[in-house]
Amino acid sequence: MDGPPANDWCSVCHGRFRVPCQANCSHWFCGDCIMLVWHHGSAIQPCKCPLCRRQITLLVPSETSQRERHNPEVAEILQKVQAYNRLFGGQTSGLIQRMQDLPFLLKRLLREIMDPQRSLPLVIRARVYIAMILSAIYILSPVDIIPEGILGIVGLLDDFLIGLICFLHVAAIYRSVLYYRHGGS
């Protein structure tokens with residue numbers, strides 16, 4: 001989705017979305033509402049999602065919000081979101097946070113790769129494709145660190161770990177793209 005569901009409401013103000021932003025937990029909020037949540041908490045830590053209580057380390061404004069950047073009110077909110085992302089979007093998070101962000105980042109990346117209107121840099125596309133191809137070759141090849149023929153189902157553990165590492169690497173690459181688009185310098 002390039003924006004929140006049509007019949008959804010902001011869970012903070014319980015109204016229609018104004019400058020909708022998607023958090024790394026996949027929930028949508030008004031940009032100004034989520035900034036208020038952050039300002040009412042600790043200003044030196046990322047705020048927690050009002051719905052799932054996960055830390056919000058990245059806010060991605062919707063495509064419609066980006067197109068309305070010329071509106072002074074929208075521009076001010078987007079600047080606040082950009083400042084928030086500069087503070088918390090580039091932080092390296094722990095393994096659990098990275099795994100929780102994995103579905104959000106991979107869905108957005110897949111949608112961006114499949115959409116010819118989007119412009120994912122060629123270097124990023126190449127790194128994603130290389131990581132995916134190399135992990136697929138390893139998983140499909142008969143050569144394994146832990147052979148399935150000897151250890152049975154336990155032998156699939158190395159294939160699972162290689163796949164997980166690949167997905168985490170691809171998600172980290174795409175997170176850096178989102179960070180530089182929506183907050184980084």
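Shown here for Leu102 and Ala171, the closest heavy-atom pair between the two residues is CD1-CB, 3.5 Å. Taking all atoms of both residues into account, the shortest heavy-atom contact from Asn71 to Glu73 is OD1-N, 3.0 Å. The nearest pair of heavy atoms linking Ala75 to Arg69 is CB-O, 3.3 Å. Listed here is the closest heavy atom pair of Pro61 and Cys21: CA-SG, 3.9 Å. Arg175 and Thr57 get closest at one heavy-atom pair: NH2-OG1, 2.6 Å. Across every non-hydrogen atom of Pro50 and Val37, the tightest pair is CG-CG2, 4.3 Å.
Between the SG atom of Cys30 and the NE2 atom of His14 there is a distance of 11.0 Å, given to the nearest 0.5 Å. Between the CG atom in Leu36 and the SG atom in Cys13 there is a gap of 9.5 Å [rounded to 0.5 Å]. Here the OG-CZ distance, from Ser62 to Phe17, works out to 10.0 Å after rounding to the nearest 0.5 Å. The distance from the CG atom of Leu178 to the CZ atom of Phe104 is 6.0 Å, given to the nearest 0.5 Å. Atom CG in Leu78 sits 8.5 Å away from atom CD in Gln82 (nearest 0.5 Å). How far OG of Ser176 is from CG of Leu58: 10.5 Å, rounded to the nearest 0.5 Å.
A donor-acceptor contact shorter than 3.5 Å is absent between the side chain of Asn24 and the backbone of Asp101. At distances below 3.5 Å, at least one donor-acceptor pair connects side-chain atoms of Tyr84 with backbone N or O atoms of Cys47.
Taking the centre of each ring, Phe88 and Trp38 come in below the 6.0 Å mark.
Hydrophobic clustering keeps Trp9 apart from Val12 (ILVMFWY residues linked when any side-chain heavy atoms are closer than 4.5 Å, directly or through intermediates). By the rule that hydrophobic residues join a cluster once side-chain heavy atoms approach within less than 4.5 Å of another member, Ile130 and Leu106 end up as members of separate clusters.
Leu164 places a side-chain heavy atom less than 4.5 Å from the side chain of Met99. Side-chain contact check for His27 versus Cys52: some heavy-atom pair is nearer than 4.5 Å. Taking 4.5 Å as the limit, some side-chain heavy atom of Val170 sits within range of a side-chain heavy atom of Met132. Looking at heavy atoms from C-beta onward, Arg18 lies out of side-chain contact with Ile77 at the 4.5 angstrom threshold. Between Phe167 and Ser135, every side-chain heavy-atom pair lies at or beyond the 4.5 Å cut-off.
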